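Below: one structure, written as structure tokens.
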Amino acid sequence: MDIERAGGRGANQLRPIDCFRDVLSRAHGSASCSQGETRVLAAVFGPKAGTKKNENPEKACIEVIWKPKTGQIGKTEKELEMILKRTLQNICLLSVHPNTTTSIIVQVVHDDGSLLPCAIHATCAALVDAGIPLKSLAVSLCCCLTESGQILLDPSKLEEQKMKAFVCLVFPSSVNSVLPEESTPATTKSTEQEIITSLTHGVMTVDDYFHCVEQGRAAVAPLSNILKKKMRSQSAGNAVK
Amino acid sequence: MAAASGTNDLSSEMELDAFRRLFPLSFHERHLLESIRPDGRPLGRARDTSLSLGAVASANGSALAKIGCTTMLAAIKLEVMTPTVEAPDEGCIAIDFHMPPICSPLIRPGRPAEVAPVISKQLSDTILSSGTIDLKELCLVSGKAAWMAYLDIYCLDADGALFDAALLSAVAAFSHLQIPVVSLNDDGRIVLVSEENGGSMKEKEPVNKEKIKLKMNSQPFSLTCILHKNYILADPISEEESIMETYLTVVLDTNYQLVSLNKPGGPGLASTSSIQDCIALAQKRVKELQQILSEAISDMEVD
């Protein structure tokens with residue numbers, strides 16, 4: 001009944017995640033994040049003066065440029081840029097620097113599944129490296145659904161293509177996740193993490209979707225701790241492999 | 001906030017239109033407190049929707065969909081092509097979404113809208129992954145010839161909920177699509193069979209008798225909702241979308257399975273209960289749209 005995954009991974013097991021900050025010397029902030037074989041490099045420039053034409057000048061503007069590993073920029077890249085931009089609009093404090101533009105360039109180094117979560121982690125680390133004011137970090141997870149209804153977390157590219165459906169979720173990485181468990185029943189409702197971004201692909205039942213969200217929420221707390229630890233223990237000048 | 005107390009003083013003196021332009025968020029929130037929207041709709045109701053099939057006479061299938069003021073024109077043209085080696089008995093669908101400058105004052109010629117390629121990609125993902133069209137039905141001669149369907153959707157008026165209207169017009173155009181009769185002539189090429197040479201039919205006719213319609217499995221229908229504080233507004237207009245920026249699009253098919261749930265970030269967060277409310281609103285909308293689509297199809301057949 002249980003699906004065999006490559007490398008003997010369990011259904012709830014994530015691939016090893018690694019995050020390096022300050023990998024580029026010219027950018028105001030930069031980070032490289034890898035989840036298994038997937039690697040993404042992110043660079044942040046800004047805040048620069050002025051906003052683009054149709055944007056609100058009373059807030060900071062975020063501009064995302066997504067560069068694929070190969071090929072020309074097409075609709076997929078535009079969609080990913082929009083998703084990343086709107087996700088960052090949620091976590092950045094936009095009123096601190098009004099009438100400025102922060103540019104974020106995301107370069108895909110290798111895509112082996114879970115590309116958007118890896119890009120979000122790299123971008124958050126790059127924003128931290130650049131010192132852009134953030135409300136919270138974002139932590140993200142991809143899960144896919146097999147024919148039998150089993151949920152697998154963090155699929156690789158092969159698994160994504162074979163599965164019937166997959167869901168990508170982004171949650172805010174709240175402070176509560178690093179505090180010890182003192183939550184009383186009265187406050188447990190308020191600590192239920194709400195979703196910043198949710199994308200699905202493929203047909204699934206509504207109940208399957210909510211199961212994926214529950215699994216995602218459960219897996220996000222340890223993932224968020226790992227990422228914060230990686231970001232904290234950093235020395236400058238780590239080599240880009 | 002100073003602005004809020006300022007609006008309370010000014011709102012009694014100011015004209016309605018001026019208040020709407022200067023303090024759009026307070027204007028809408030005053031309406032939301034009464035559970036109503038500026039155009040008089042309750043929060044969960046979508047705008048009046050109408051569908052008209054066969055709007056483009058020269059296309060193989062077409063439809064014009066209007067949700068409130070948002071207008072989308074979809075047309076399908078078929079062309080014969082050789083199928084790929086990996087899928088020799090499947091046809092192909094190419095979906096493209098255009099926003100010409102006629103649709104909105106924010107779009108200028110030579111500067112394409114940012115939202116157009118995004119909606120185009122979302123539409124093709126939704127239609128292809130929902131399995132509503134079986135590509136094997138577009139096959140003519142396995143390995144040699146298959147239909148390539150070019151679906152083009154033009155936005156004629158952009159007034160919010162663009163994805164919903166575009167998906168509705170695409171589904172309607174596919175339900176109107178009539179595949180022409182073709183035959184294989186001596187050179188091994190596919191030619192259209194016209195009415196005159198009906199007597200001298202060649203052998204090996206893949207599509208026989210009259211023009212056939214494409215069989216569609218469960219069709220996808222969508223609903224976009226705006227999440228603002230504790231309110232959920234279904235089917236926003238463009239003014240509401242620009243002020244309250246967090247939206248969520250739910251696509252359900254006629255079996256009430258979730259084809260796509262798209263919440264692309266935005267300043268607000270979505271809790272599980274608000275997602276469940278949006279899905280419930282989408283389920284009601286699927287029933288309404290199915291009804292509208294079947295009425296439009298039966299109107300066509302009467303003609």
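In what follows, chains carry the letters A, B, and so on, assigned in the order in which the sequence lines appear, proteins first and then strands, with residues in each chain numbered from 1. A quick note: this is a predicted structure, and the numbers were derived from the prediction, not measured.
Only the side chain of B:Ile279 has a heavy atom closer than 4.5 Å to any heavy atom of chain A. Of the atoms belonging to A:Phe171, not a single heavy atom falls under 4.5 Å from chain B.
Heavy-atom contacts from other residues, nucleotides or ligands closer than 6.0 Å to NE2 of B:His98 number more than 12. Residue A:Lys59 places its NZ atom among 12 or fewer non-hydrogen atoms of other residues, nucleotides or ligands, all under 6.0 Å distant. Remark: B:Leu22 CG is packed, more than 12 non-hydrogen atoms of other residues, nucleotides or ligands lying under 6.0 Å away. The number of heavy atoms from other shown groups lying within 6.0 Å of NZ (A:Lys162) does not exceed 12. Around the NZ atom of A:Lys85, the shell of radius 6.0 Å holds more than 12 heavy atoms that belong to other residues, nucleotides or ligands. More than 12 heavy-atom neighbours from other residues, nucleotides or ligands sit within 6.0 angstrom of NZ on A:Lys135.
Atom OG1 in B:Thr126 sits 9.0 Å away from atom NE2 in A:His201 (nearest 0.5 Å). One finds the CG atom of B:Leu258 at 8.5 Å from the CZ atom of A:Phe210 (value rounded to the nearest 0.5 Å).
Heavy-atom minimum distance, B:Ser129 versus A:Gly202: OG-N, 3.8 Å. For B:Asp253 against A:Val203, the heavy-atom pair with the smallest separation is OD2-CG1, 4.3 Å. Taking every heavy atom of both residues into account, B:Gly268 and A:Asn90 meet most closely at O-ND2, 3.3 Å. Contact between B:Ser271 and A:Glu194 at its shortest, heavy atoms only, is CB-OE2, 3.6 Å.
Note on B:Ser130, B:Ser260, B:Ser124, B:Pro264: by heavy-atom pairs under 4.5 Å with chain A, the leading option is B:Pro264. Each of B:Gly131, B:Ala270, B:Pro117 has some count of heavy-atom pairs under 4.5 Å with chain A, and the biggest count is that of B:Ala270. Between chain A and the options B:Leu106, B:Val118, B:Ile119, the largest number of non-hydrogen pairs under 4.5 Å is found for B:Val118. Among B:Gln122, B:Glu114, B:Gln276, the residue with the largest count of heavy-atom pairs under 4.5 Å with chain A is B:Gln276. In terms of heavy-atom pairs under 4.5 angstrom with chain B, the leader among A:Ile83, A:Thr76, A:Leu88 is A:Thr76.
Counting only distance, with no hydrogens or angles, the side chain of A:Thr87 and the backbone of B:Gly265 share no donor-acceptor pair below 3.5 Å.
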Full working for side chain to side chain contact (heavy atoms under 4.5 Å, CB included) between A:Ile196 and B:Leu269: CA-CA 5 Å; A:Ile196 301 179; B:Leu269 297 173; 3.5 Å; yes

Tell me, with the steps shown, if B:Gln257 and A:Thr205 meet side chain to side chain contact (heavy atoms under 4.5 Å, CB included). CA-CA 5 Å; B:Gln257 300 232 316; A:Thr205 65; 3.4 Å; yes

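Salt-bridge formation is detected for the pair B:Asp96/A:Lys75: a Lys NZ or Arg NE/NH1/NH2 atom is positioned less than 4.0 Å from an Asp or Glu carboxylate oxygen.
Residues B:Tyr256 and A:Val206 have side chains not in contact (no heavy-atom distance under 4.5 Å, counting atoms from C-beta outward). B:Ile275 places a side-chain heavy atom less than 4.5 Å from the side chain of A:Ile195.
Of all residues spanning residues 217-249 of chain B, those with a heavy atom less than 4.5 Å away from chain A's heavy atoms are B:Glu245, B:Thr246, B:Tyr247, arranged by number.
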